J.: 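Take a look at the following structure, please.
All of these numbers come straight from a predicted model, not from anything done at the bench. Letters A, B, ... mirror the listed sequences (proteins, then strands); counts begin at 1.
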Amino acid sequence: MEKQGYFFTLDSFLAVSVIIVGLFVIFSYRTYIPDPDQTSMYAQQIGGILGANPLYELNNQYLDNLRSDGNITQSDNSLLEQIGEFYYRNLTKGCLFCLGLANQSVQNISKGLIDPKYGFRVVLENNTVYESDQNELDSELVVSNKRIVFGVYNGTESWGPYAAEVRVWRTVGD
Amino acid sequence: MAHRRRLGKRAIFFTLMAIGLVTILTFFFVLNLRGQAPHAKKIVSTRMDVANDLVVSFSTSFVPLAVRTTAVDAVTGLIDYMSSSGKFITNASGNLTSIMLTGNISPSTRIINDNETLVYKLDSFVNKSREVLYILFNYTLNDLKVVQDNRTGAYRIAVEVNLSYLANNSLAVWNMTHTYTIDFDIMGFKDPLYMVATGGRFNNTINRTSNDSWTFDHFKKHMQQGTYKREPLAPSFLQRFENKTIGSSCCGIESIFYNATLYPPYITRNLSYVDYCFFTNNCTDDTVYGAQLFNITGISTGTYPFRIRAYHMAPTKYNLTDYLNGTV
């Protein structure tokens, strides 16, 4: 009879061990998944910086230069709206360097602002305007922040509405 | 018997332990479920924010911008059309409304392109919101009017739009009706009266004078620069599309027809050089002040035989009575 008592006790220890190991495996597995809340929050922040903040609030030398050489005429545009205007000028005014200005503007604004653990891409009307060095294909979670942008060029010509998207991802292993 | 009782106690212990373990597992499971609920709430909240931002953006930015740019295109297009056809139109406000909605003033007369009309711009927004954000947007244009009245004053045009719109993101519905009054400057447009009346020989761009009081020098500058001043007996900007000479008490404007090298047939034209008097030969000030014309010293010459009537020379107008150089 005493042997049976030991047997049950050992059996319970074994069962508890199996459960603990099981739980450990389950929770360890969960920690490998990038936190969607954090990436989503980051996507919203980047979307906000690019899509909601007026250019005059972005204290940036490159944008100041574009303003002084006449390529940016409306400082109350957001950067996404300005990119929309560059895109419109490229499409309708034959401005060959405008997409380059759009790319450089995003690069300059994001410099030092975006955590290198995160990659991001700005897409306008299904055309990639800017993509950071981190490869989107290496990520397990991509958060997309979409907006509709529109505006007026030269005070009289309306452009858009264009679909603008900011895709943010956290690189694997970080 | 005693042994059985001991074994029974152990069985109870193991049973309690098993219940305890199941409770712990259930606890973790429930915790995990609760962890998911805020995430779902966040998704709903984000979708609501996105839809609300879109509705606000449509109402406060897109509609005013689309109306303003379309109206400016319509006015420019109508002036160009009148320039090429050489004809005045009968209902400027109605024609501008038609151009803004359809691009035409008649089925065969296209003034602006399809993609410049207000309907096209609103449709583009509706389609984009459905394709990009999966928000169903519908709108109805209940009314659209182009006006100049006491609210706009002489140097602005207003477009009044009554628009109902409905946005549905499958979580909530925004159902709104809003009346917009969007006004814009007439400065920079070509004056249709000059354009049609002179057969395209002379153009004048609407530009407001900075003078409130008048001296001879002020008048000369006003004349040479082709600027406009408020005048209740003169036609408004919209009336100038129709060649109307009935004065507009709220919005009448006038300039002085001036060109150093005047078109020869005009030199013999015995009319006041106030623009609407010169082009329509119908000054509404005649009845009170008479139709007598006067030359002005320092302005009237052989090549520019400037003439003006008493009404416009008065001290409260151009203040030219001290410079009279005989009657014509």
J.: Counting only heavy atoms from other residues, nucleotides and ligands, does the tally under 6.0 Å from CG of A:D76 exceed 12?
T.: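 Atom CG in A:D76 is packed in, count exceeds 12.
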J.: Listed by residue number, which members of residues 120-128 of chain B have a heavy atom under 4.5 Å from any heavy atom of chain A?
T.: B:K121, B:S124, B:F125, B:K128
J.: Quick check on A:K93: does its NZ atom have over 12 non-hydrogen neighbours (other residues, nucleotides or ligands) under 6.0 Å away?
T.: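 Buried by this count: over 12 neighbours within 6.0 Å.
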J.: Inspect the surroundings of CG in A:N126 and state if more than 12 heavy atoms from other residues, nucleotides or ligands are less than 6.0 Å away.
T.: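 No, because the 6.0 Å sphere around CG of A:N126 holds 12 heavy atoms or fewer from other groups.
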J.: For B:V132, which atoms come within 4.5 Å of any heavy atom of chain A: side chain, backbone, both, or neither?
T.: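 Both backbone and side chain of B:V132 come within 4.5 Å of chain A.
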J.: Roughly how far, to the nearest 0.5 Å, is the CD1 atom of A:I148 from the CG atom of B:D53?
T.: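 Reported to 0.5 Å precision, the distance equals 11.5 Å.
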J.: Could you give the distance from CH2 (A:W159) to OG1 (B:T69), rounded to the nearest 0.5 Å?
T.: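 Spacing of CH2 (A:W159) from OG1 (B:T69) equals 12.0 Å.
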J.: Flag yes if more than 12 heavy atoms outside B:K190 fall under 6.0 Å of its NZ atom; otherwise flag no.
T.: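 At most 12 heavy atoms, drawn from other residues, nucleotides or ligands, come within 6.0 Å of this atom.
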J.: Under a 4.5 Å heavy-atom cut-off, does chain A meet the side chain of B:T76, its backbone, both or neither?
T.: neither
J.: Just wondering, are more than 12 heavy atoms of other shown residues or ligands nearer than 6.0 Å to CZ in A:F97?
T.: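 Yes, CZ of A:F97 has more than 12 neighbouring heavy atoms, counting only those of other groups under 6.0 Å.
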J.: Pick from A:A163, A:A15, A:G155: which one has the most heavy-atom pairs with chain B under 4.5 Å?
T.: A:A163
J.: Mark yes when over 12 heavy atoms from residues, nucleotides or ligands other than A:N59 sit less than 6.0 Å from its CG; otherwise mark no.
T.: no
J.: Mind checking the CG-CZ spacing from B:L133 to A:R147? Nearest 0.5 Å is all I need.
T.: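 Going from the CG atom of B:L133 to the CZ atom of A:R147 covers 10.0 Å.
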J.: Does any heavy atom of chain A fall under 4.5 Å from the side chain of B:S61, the backbone, both, or neither of them?
T.: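 Its backbone and side chain both get close to chain A.
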